[in-house]
Each structure stands twice: as C-alpha cells, then as structure tokens.
2 protein chains.
Amino acid sequence: MPIERRPLREQIREELLSRLDRGDFAAGTDINEASLAAELGVSRTPLREALITLAGEGVLESNQGRGFRFAPVSRKEFRELCEIVAALESLALDCSDAAHLRGIAPELLRLAQEFPDRVAEQQVIERHDDEWHDLLLSGCRNERLLDLITSVKAGMRRYAHLLAGDETPLEREAAEHRRVAELLVDGDLAKASQALRDNWVNGMERMMSRIPADG
Amino acid sequence: MPIERRPLREQIREELLSRLDRGDFAAGTDINEASLAAELGVSRTPLREALITLAGEGVLESNQGRGFRFAPVSRKEFRELCEIVAALESLALDCSDAAHLRGIAPELLRLAQEFPDRVAEQQVIERHDDEWHDLLLSGCRNERLLDLITSVKAGMRRYAHLLAGDETPLEREAAEHRRVAELLVDGDLAKASQALRDNWVNGMERMMSRIPADG
DNA sequence: GTGTGATATTTTGTATGCAGAATTCATAGT
DNA sequence: ACTATGAATTCTGCATACAAAATATCACAC
C-alpha cells in the first residue's frame with residue numbers, strides 16, 4: 001500500500017475543518033499560532049500555511065499585525081454563500097453528462113429515501129448530506145467548478161454545527177432531495193436543476209432563525 | 001496620507017500577478033523559490049505564503065517535494081473558467097440593486113462606446129475591460145460573491161497575454177458590452193443578465209483558437 | 001475612580017537554518 | 001552507444017530564530 005505523503009499544511013487544514021464541524025471553535029475568536037501549533041504537534045510554519053489557505057476560502061479573516069481569527073457568522077453572509085453554491089451546483093448539474101445522471105438517479109433516490117430513517121448523530125447526518133451532493137455532481141465534467149464548490153463549501157462549514165439538535169429541517173431536506181432525484185429519473189434536467197436551486201434557497205431559509213441576527 | 005502597511009505576501013501576490021499579465025512567466029514552468037525570492041528582495045517565507053494563495057486560486061499547482069509551478073493552460077480549463085465566471089457575474093447582476101444599475105447604465109454605455117477608439121497597448125485595453133466589468137458589478141450586494149469573482153478571475157490571468165496582437169475580438173467585445181448597457185438603460189435586467197452570459201461564452205469562443213490544443 | 005503615559009510582555013511577520021527528497025551528473029557495465 | 005547505479009548537488013518542506021508591532025501591566029496625575 002502507498003504510504004501517505006502529502007504536505008502538513010493540507011493535513012492541518014483538514015484537521016481544523018473537522019474541528020470546526022464539531023463546533024470546537026467559536027466564530028469570531030482569535031487564533032494563537034504558537035499554542036495551536038503546539039497542540040497539533042507541528043511548527044508555526046505549516047500551520048500558518050494552512051491558515052492562509054483557510055483565509056482564502058473565507059473560513060478565517062486576517063488583519064495586519066493581529067493574526068488570524070475565525071470569521072464571524074452572519075445571516076447576510078450565510079445567505080450570500082447559499083446563493084453562490086446554489087448557482088454553482090446548478091451549473092455543475094447543467095455541465096453533467098445526461099447519461100451518467102440517469103445512471104445514478106436511482107441511487108440518489110434511494111439515498112434520499114433512507115435519509116431520515118436513521119436516527120443518527122449530527123455529524124453522520126451531515127456526512128450523508130454531503131455524500132448525496134457529491135454523488136449528484138459526480139458526473140460534472142467541469143473540474144475547476146467542482147474544486148470551486150468544495151472551496152466555497154469549506155467556507156460554509158462554520159455554520160454546520162448551528163444545525164445540531166433539530167430534526168424537522170432534515171425531513172424537508174430529504175423530501176427535496178427526493179424531488180431532485182425523481183426529476184433526474186424522469187430525465188428532466190432543467191427541472192432538476194431548478195429543484196436543486198430551490199433546495200439551497202429553502203435550506204437557507206430554514207437555517208436563518210438559528211443564526212444570530214446581524215450586528 | 002496613510003502609509004502602506006500590509007503583509008508582504010499580498011504585495012508579492014500582486015507583483016506576481018502583474019508579471020503574469022505581462023507574459024513574464026510561461027505556463028507550465030517551475031518556480032525556484034530561492035531565486036525568485038532573491039529577485040523580489042524578500043525571504044522565502046512570505047514568498048511561499050503568496051505562492052500558496054495563488055495555488056488556491058488555481059494560478060499555480062503544487063506537487064509534494066516538487067514545489068510550485070505555473071499551471072499549464074488548456075482549452076478545457078479556459079472553457080471551464082468562462083462558464084464559471086459567466087454564471088457568477090450573471091448572479092451578481094441579479095443580486096444588484098436595480099436603481100443603482102439604472103444609475104450607472106449611461107456610464108457603462110459611454111465606456112463601451114469609447115472602447116475600441118483608443119488604439120492603446122494591450123494592458124491598457126485589458127484594464128479598461130476589467131474596469132467595465134467592475135463598474136457593472138459595483139451594485140452587487142453579495143460581497144462574498146464579488147470576492148469569489150475576483151479570485152476566479154485571478155486564475156484566468158494566465159490567459160490574458162494570449163489575447164495580445166489581434167484587435168478584431170475587441171470590437172465584438174465592445175459591441176456586446178454596449179448591448180448589455182443598452183438593456184440596462186431600458187431596465188431589462190433579465191435580458192442584460194443573459195447578454196452578459198453570452199458575452200462570456202462568445203469571448204471564450206474567440207479565445208479558443210489562440211490557446212494551444214489540449215495535450 | 002478615571003485617564004494617561006511609560007514599560008514589560010506577548011504575538012505576529014519575516015528571515016534563516018536544517019534534514020530529507022528530488023534531480024543531476026558521472027561512471028561502470030553491457 | 002545506451003542503460004543502470006550511485007554519489008553529489010539542488011531544492012523543497014518544515015523548524016527555529018529574531019525584530020517589530022500590538023497588547024497588557026502598572027505607576028501616577030488629576
């Protein structure tokens with residue numbers, strides 16, 4: 001088996017993102033490079049490289065002389081991010097191979113149907129949701145677009161843990177996923193694309209009340 | 001006057017991008033960190049930070065142990081980037097304040113009309129084009145989207161110098177800008193948005209022949 | 001008690017140092 | 001001549017060191 005050989009900065013980035021998913025970091029808090037580097041068991045250099053990458057993705061902010069901090073959350077920004085991802089995923093669907101979409105449509109439907117059945121912890125649900133979207137876009141031939149979507153979604157991870165606790169939205173999320181899948185089974189790409197956009201817009205509305213009001 | 005105080009990595013990033021516009025770097029060539037740092041008069045640390053940022057924007061590629069290199073150009077990638085920017089700018093227009101758009105429409109028209117008059121060097125033309133698009137999107141209330149557009153366009157700068165030499169495309173570009181501006185003067189946002197998308201698609205087609213065929 | 005200014009401490013931003021991987025070059029064998 | 005092998009070199013990736021900026025501490029005047 002090929003042993004793992006990739007830059008520390010990437011591993012650090014992923015570790016920080018997964019901690020963000022777990023809600024370990026409060027939005028708006030400063031990062032102390034020395035202590036975080038010590039905690040991760042690495043030096044400040046690759047840590048700073050990871051922080052710079054995350055800042056480029058909008059997860060962090062940087063101020064001259066003041067270092068990095070987790071970007072504060074706001075309803076305005078969340079709305080903006082949802083609008084962007086809705087447009088990008090919709091475009092990705094339009095760029096996808098129609099035959100491939102028909103092929104995966106049943107699997108998408110199956111995944112959407114078993115969605116709310118499992119009473120699982122938050123992180124499992126989120127992973128499930130991500131997998132559904134990943135599979136949906138797996139036929140997109142625009143590689144740059146897929147990278148961009150991944151990057152923008154990283155910026156949304158700050159909002160993930162705010163969803164914890166309430167199950168109601170998930171049922172509607174699953175219903176919307178079913179709707180998209182059914183349209184793909186029918187081969188109606190245009191309507192599926194529209195349903196996907198609606199899914200993001202509705203998901204955004206559902207989240208709004210959970211985000212602290214903008215300052 | 002406020003003296004300039006911002007991280008070296010940002011200044012380095014901009015310097016590298018402007019050199020890229022001038023065609024100083026051939027696509028696909030490796031970067032030697034030590035010599036480039038010496039040439040810029042900085043150490044490798046902030047240079048590497050800039051390189052990592054640029055890699056995140058798709059300007060550079062990085063391979064473990066092999067450092068950074070300018071990402072090779074390809075028709076496929078250029079098409080992908082144009083599709084993305086077309087969707088993003090179109091979305092930005094949809095997010096814009098209608099009143100503001102009506103306000104700037106005459107200025108956009110004026111700029112588009114004087115476009116091909118000046119027989120100027122390539123870089124002036126490009127700046128002019130960028131300014132037009134910037135003004136067009138100046139009323140967009142989605143700040144994250146504007147940042148994202150800037151970032152994606154940075155990734156397109158590798159293709160800028162390929163445009164040099166031929167003036168024919170510019171006339172058509174100007175005509176399409178006029179079309180967008182006229183539709184905005186009329187207040188027909190939907191059609192303007194569509195015309196903007198068409199502008200990117202057509203611009204893409206015009207560039208295609210100038211990009212080496214994909215390997 | 002509050003504000004102000006000098007000083008000490010912390011923390012970032014940048015430079016330098018070092019180990020190991022990748023590449024190059026030379027040499028030997030066929 | 002061509003390939004293979006190994007030493008020498010170059011370069012990256014990461015760690016450490018240092019200087020300057022920012023922040024905290026404290027004394028003191030009001």
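Each chain gets a letter, A, B and so on, in the order its sequence line appears, and its residues count up from 1. Computation of the quantities below employed the complete heavy-atom set of this structure, encompassing side-chain atoms and omitting hydrogens, waters and symmetry-equivalent molecules.
Atom-to-atom, CZ of A:R5 to P of D:dG13 comes out at 10 Å; the value is rounded to the nearest Å. Rounded to whole angstrom, the span from the CG atom of B:L47 across to the C1' atom of D:dC11 amounts to 13 Å. As a whole-Å value, the separation of A:F68 CZ from D:dA22 P is 15 Å. If you take CG of A:L40 and P of D:dA15, they are 11 Å apart, rounded to a whole angstrom. D:dG13 atom P lies 11 Å from atom CG of B:D30, rounded to whole Å.
Contact record, A:E89 with A:H133: OE1-ND1, 2.9 Å, taken as the closest heavy-atom pair. Shortest non-hydrogen contact noted between A:F25 and A:L16 is CE1-O, 3.8 Å.
Across all strands, B:I31 comes closer than 4.0 Å only to sugar-phosphate atoms, never to a base (heavy-atom distances). Residue-level contact check: B:N63 touches the backbone only, with heavy atoms under 4.0 Å from sugar-phosphate atoms and none from bases.
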Q: Mark up nucleotides 14-19 of chain C, 5' to 3', with B wherever a protein heavy atom is under 4.0 angstrom from a base atom, S wherever such an atom reaches only the sugar-phosphate, and - elsewhere.
A: BBBB--
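To the nearest 0.5 Å, atoms CZ (B:F78) and CZ (B:R158) are separated by 10.5 Å.
Side-chain N/O atoms of B:S90 and B:R197 include a donor and acceptor closer than 3.5 Å.
Phosphate contact (OP1/OP2 of D:dC11, side-chain N/O of B:N32, threshold under 4.0 Å): present.
The pair A:E131-A:R127 does not meet the salt-bridge criterion, since no charged nitrogen lies less than 4.0 angstrom from a carboxylate oxygen. Salt bridge A:R79/A:E83: absent, no basic N to carboxylate O contact under 4.0 Å.
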